[in-house]
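Below: one structure, written as structure tokens.
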Amino acid sequence: MLRILKRILLLVGLVVVLVGGVHLYAGWRLHGALVEAGLSDRVASCMTRRMVKRLSLPQLVRLQNLQGDKPTIGAWIRAVELVDDRKVIFVTTSSAALCKTGLAR
């Protein structure tokens with residue numbers, strides 16, 4: 001009985017680490033996509049922190065896959081609107097506004 005309990009706890013711990021790691025990796029890739037799109041590192045870091053907290057893993061993956069040069073936040077938001085997900089658009093827009101103005105860090 002104790003052996004089965006240990007295996008279950010080990011499996012649960014492994015799943016938690018994998019899910020957390022995948023989420024962090026997606027956030028790291030999203031940060032890279034924002035910087036590569038032309039946003040400053042400060043704004044990209046701020047936006048990434050906010051979006052990782054508020055969006056699911058599939059939503060983050062869709063965002064990180066946006067292609068093309070987006071040198072301004074307006075260009076980035078127009079590209080995000082193509083994702084066609086209201087929550088993604090709202091979180092990205094509010095994060096961009098708050099991070100660009102310095103109201104969020």
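Atoms OG and CG, from S94 and L103 in turn, are 11.5 Å apart once rounded to the nearest 0.5 Å. One finds the OG1 atom of T93 at 6.5 Å from the CD atom of E81 (value rounded to the nearest 0.5 Å). Atoms OG1 and NZ, on T48 and K53 in that order, are 12.0 Å from each other to the nearest 0.5 Å. Taken to the nearest 0.5 Å, the CZ atom of R42 stands 7.0 Å off from the NZ atom of K100.
Connection of V52 to L34 is established within a shared hydrophobic cluster, with ILVMFWY side chains joined at heavy-atom distances below 4.5 Å, either directly or through further cluster members. Clustering ILVMFWY residues whenever any of their side-chain heavy atoms sit less than 4.5 angstrom apart, transitively, puts V12 in the very cluster that holds I4. Hydrophobic clustering, with ILVMFWY side chains joined whenever heavy atoms are under 4.5 angstrom apart, keeps L30 apart from V35. Grouping the Ile, Leu, Val, Met, Phe, Trp and Tyr side chains by contacts below 4.5 angstrom, directly or via other members, places I89 with L60.
Minimum interatomic distance between C99 and M47 (heavy atoms only, all atoms of both residues): SG-N, 3.4 Å.
K87 is linked by a side-chain contact (heavy atoms from CB on, under 4.5 Å) to L55, Q59, D85, V91, counting only residues two or more places apart in sequence or in another chain. In this view, S45 and H31 satisfy the side chain to side chain donor-acceptor pair (under 3.5 Å) rule, not counting sequence neighbours.
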